[in-house]
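Accompanying notes for the structure given below.
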Amino acid sequence: MASTTLQGLPASPGIAVGRCWTVDRRKVRTPRRNIAAEEVEAELSRLEAAIELSVRQLDGVKARMETADGAEHLAILEVHRAMLRDPSLVDESRRLVREERVNVEWAVKRTIRKIKGAFSEDDEFFRERRSDVDYVGERIVKNLLGQGVDVVETPPPGSIVVARDLSPADTAILFHDRKVAGLVTDAGGITSHTAIVARALEIPAVVGAGKATTTAERGDWIVVDGGRGLVVVNPSPGERADYEAARIRQMEREAELARLKDLPAETVDGVRLRMLGNIEFGEEVPGLLSHGGEGVGLYRTEFLFMGRTELPTEEDHYRDYRNILEAMGGRPVTVRTFDLGGDKLPSGQKDHSENPALGLRAVRYCLRHPDLFHAQLRAAVRAAAHGNLRLMFPMVSGVAEVRAAKWMLTEAFEEVVAQGLEARMPPVGIMVELPAAAVVADRLAQEVDFLSIGTNDLIQYTIGVDRQNKDVAYLYKPLHLAVLRMLRSIADAARAAGKTVSMCGEMAGEPLYTLVLLGLGLDELSMNGPSIPLVKRVIRSASAREGRELLDRLLGLNTADDIEREVRAEMTRRFPGLLEGDAAVGPVSG
Ligand code: PEP
Ligand code: MG
């Protein structure tokens with residue numbers, strides 16, 4: 001049988017080779033039925049019973065998982081449990097049954113559709129929230145119809161689970177003992193809970209693969225290449241052997257790199273960098289620590305809006321930050337205030353401006369919505385009493401904005417203290433993501449305790465290339481001369497002011513750039529946890545002097561292609577195999 005390759009989204013890195021285990025979760029059909037007046041009360045009781053049953057089912061799933069590894073990944077089940085009783089769902093469904101005299105299944109379905117309508121479909125972040133609402137609605141409707149809700153069969157160890165979509169409860173059941181080797185879903189995005197749980201448990205996964213469930217059958221051989229988002233169904237014996245060999249090489253590499261976990265990221269000439277992690281959820285903390293993360297360099301707090309139809313409260317923020325701080329045990333945790341705006345807006349709101357990327361985003365949005373910002377700042381100063389919290393403002397364009405944000409922070413702190421609550425004023429930093437901020441970095445450095453370079457946006461705004469637009473992706477060049485000059489001037493400005501300078505854009509986690517970054521003299525690098533060991537290994541085999549020399553040479557070149565060619569040549573010479581993923585980067589010890 002010929003092999004078929006599907007391209008999906010790289011949800012969780014790693015290679016898995018195993019037999020396919022399809023999970024059938026067909027959508028439920030919900031016909032409309034008109035009911036008589038005397039049936040209304042019975043319909044409403046059915047709704048109550050179905051919600052009760054749904055709550056018990058989720059509690060059951062949680063109880064089964066509580067003792068298992070990965071129990072900390074189940075917070076989303078709590079969110080779904082709360083959504084089951086959300087008045088916007090229950091009251092509206094009841095109203096439809098009463099006023100429109102329709103069967104309760106149909107009322108629930110219509111209410112779900114209405115709630116989902118509040119979430120934009122264009123943004124991946126909110127598409128995932130629509131799925132959360134769907135899972136909750138589907139659970140109630142299937143219970144009303146007496147149909148099975150969760151996957152019940154356990155796949156044999158080493159299986160590759162293939163599903164159209166998976167609810168968080170299904171994911172928890174399938175993954176709780178970690179015997180599943182890999183995961184493929186037709187639907188979903190890389191911020192879906194399935195993807196997040198897979199990443200947290202480090203199970204190779206591809207989501208959004210389109211036709212996996214109709215291409216693969218139970219028992220077929222299947223390869224998941226989670227790093228590249230590839231799925232190979234019925235690989236030829238040769239392909240299978242190649243992937244199997246790649247998987248073993250990868251495991252050996254990881255095992256070797258794992259030995260670096262507790263060693264410092266220090267160059268051979270004695271320059272020590274701090275290796276930090278970027279996280280979107282508290283659930284990522286154990287994985288980050290296991291990769292040797294020395295703190296959190298970027299916590300994207302806007303993800304706290306996930307799975308909610310209402311805004312998170314001060315208490316929600318406080319508990320969340322405090323949990324992360326405690327889990328990080330005294331290591332620094334850099335809380336970035338909401339990077340909301342554009343399509344990342346609270347439910348029901350939409351930015352209709354022509355250029356959302358240049359619109360009311362991030363710190364601008366927060367200053368325009370002082371209540372929302374105030375709640376977050378109060379939560380941050382309260383949580384800061386329980387660990388090493390640092391606060392960071394995104395998308396700052398100049399000194400006035402920093403002063404305004406700091407003023408609000410002081411106000412929140414004084415208010416909390418006056419109320420007799422425990423609080424601490426955290427160190428304050430900004431993200432340098434706009435060329436304007438880069439150019440006045442010397443002045444900004446006078447206002448704050450640290451600068452963190454957000455290259456993802458800095459590159460976008462410097463070269464004028466939308467980071468989401470594949471038509472101009474060819475212009476998105478981290479090694480563009482303008483970017484390099486800017487990085488150098490930001491780092492120099494921070495150093496001259498005696499302030500810490502970090503980098504938390506994707507550039508920080510790419511080993512190809514590590515020597516260049518050493519040349520900049522950064523204090524900290526923040527990246528996805530799994531990238532830490534390899535970057536650390538490059539640092540430990542390189543010298544900062546070599547980095548500075550390389551950077552000087554690069555700044556004498558003109559085009560991004562010339563610069564990249566020079567960097568590749570240097571890295572290939574210094575670290576043979578690194579760029580092919582073989583990572584022959586010198587001895588682990590030393
Ligand atoms: C950045 O812009 O580099 C950054 C880290 O922020 P985000 O990717 O969340 O925009
Ligand atoms: Mg950014």
Side-chain angles (χ1 to χ4, degrees), residues 123-126 128 189-191 196 199 275-281 284 288 293 295-306 333-345 351 355-366 376 390-397 401-402 405 429-438 441 444 450-469 473 476-480 482-484 486-487 490-491 494 501-510 513 516-517 520 522 524-529 531-532 535:
D123 181 80
E124 166 163 356
F125 177 80
F126 282 117
E128 297 307 335
I190 45 184
T191 63
I196 290 158
R199 273 200 295 280
M275 303 300 277
L276 305 173
N278 293 351
I279 61 168
E280 285 80 38
F281 301 95
E284 292 172 79
L288 173 60
V296 173
L298 168 64
Y299 172 31
R300 294 179 161 106
T301 57
E302 61 278 6
F303 277 74
L304 213 67
F305 285 79
M306 281 192 71
V333 174
T334 316
V335 171
R336 174 176 78 179
T337 56
F338 304 134
D339 191 8
L340 289 168
D343 277 335
K344 276 202 233 167
L345 284 173
D351 183 347
N355 278 311
L358 303 182
L360 200 58
R361 298 185 41 186
V363 77
R364 308 167 181 185
Y365 183 90
C366 286
Q376 180 171 40
R390 315 191 293 191
L391 199 68
M392 173 160 85
F393 303 122
M395 271 274 292
V396 163
S397 66
E401 258 167 354
V402 185
I430 54 156
M431 291 192 71
V432 183
E433 298 175 283
L434 291 172
L444 291 167
F450 64 94
L451 303 183
S452 184
I453 310 174
T455 47
N456 305 341
D457 278 318
L458 186 62
I459 296 166
Q460 145 163 289
Y461 293 120
T462 300
I463 310 182
V465 43
D466 180 350
R467 65 194 252 198
Q468 323 254 30
N469 183 339
Y476 191 93
K477 300 270 189 198
L479 294 176
H480 191 295
V483 176
L484 283 188
M486 228 168 236
L487 295 179
I490 300 164
V501 57
S502 317
M503 179 179 285
C504 63
E506 292 303 305
M507 195 176 179
E510 171 52 67
Y513 306 133
V516 180
L517 303 188
L520 290 169
L522 302 174
E524 300 173 338
L525 298 178
S526 190
M527 62 199 77
N528 296 327
S531 305
I532 291 177
V535 172

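Count residues from 1 along the sequence. Whatever order the structure lists ligands and atoms in, that order sets their numbers, starting from 1. Just so it is clear, the values below take in all heavy atoms, side chains as well, and ignore hydrogens, waters and symmetry mates.
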For the Mg ion (ligand 2), does an N/O/S atom of Asp339 lie at less than 2.8 Å?
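Given the 2.8 Å cut-off, Asp339 does not count as a ligand of the Mg ion (ligand 2).
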Just let me know how [X] lines up against ligand 1, side chain, backbone, both or neither, with a heavy-atom cut-off below 4.0 Å.
X	answer
Leu298	side chain
Met395	neither
Glu506	neither
Asn278	neither
Met507	neither

Between Asp457 and ligand 1, does any nitrogen or oxygen pair lie at a separation below 3.5 Å?
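Min N/O separation from ligand 1 is below 3.5 Å for Asp457.
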Using a 3.5 Å cut-off on N or O atoms only, is Glu433 in polar contact with ligand 1?
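By distance alone, the answer is yes.
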Of all the N, O or S atoms in Glu433, which one sits nearest to the Mg ion (ligand 2)?
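In Glu433, the heteroatom (N, O or S) nearest the Mg ion (ligand 2) is OE2.
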Give the name of the N/O/S atom in Asp457 that lies closest to the Mg ion (ligand 2).
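Result: OD2.
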If you take all heavy atoms of Asn278 and Cys504, which pair is closest and at what distance?
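What the structure gives for the nearest pair is ND2-O, 3.0 Å.
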Ile463 versus Val483, closest heavy-atom pair with distance:
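Nearest pair, atom of Ile463 first, then Val483: CD1-CG2, 4.1 Å.
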Close side-chain approach of [X] to [Y], heavy-atom, < 4.5 Å:
X	Y	result
Thr462	Met486	yes
Glu302	Arg336	yes
Ile532	Leu288	yes

Just verifying a value: how many Å separate Met507 CE and Asn456 CG, rounded to the nearest 0.5 Å?
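The distance works out to 10.5 Å.
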Which distance, rounded to the nearest 0.5 Å, do you find between the CG of Asn355 and the CZ of Arg361?
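Answer rounded to 0.5 Å: 12.0 Å.
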Give the atom numbers and elements of ligand 1 that come within less than 4.0 Å of a heavy atom of [X].
X	answer
Asp339	10 (O)
Arg467	2 (O), 7 (P), 8 (O), 10 (O)
Arg336	6 (O), 7 (P), 9 (O)

Are side-chain N/O atoms of Gln376 and Thr301 paired as donor and acceptor at under 3.5 Å?
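Yes, because at least one side-chain N or O of Gln376 sits under 3.5 Å from a partner of the opposite role on Thr301.
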Any side-chain to backbone donor/acceptor pair from Glu280 onto Arg300? Under 3.5 Å, distance only.
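Not a single qualifying donor-acceptor pair exists.
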Apply side-chain contact (heavy atoms from CB on, under 4.5 Å) to residues Tyr365 and Asp339 and explain how you reach the verdict.
CA-CA 8 Å; Tyr365 183 90; Asp339 191 8; over 6 Å; no
Looking at ligand 1, does Met503 have a heavy atom less than 4.0 Å from it?
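No, Met503 has no heavy atom closer than 4.0 Å to ligand 1.
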Non-hydrogen atoms of Met431 versus ligand 1: any pair closer than 4.0 Å?
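Heavy atoms of Met431 do come under 4.0 Å of ligand 1.
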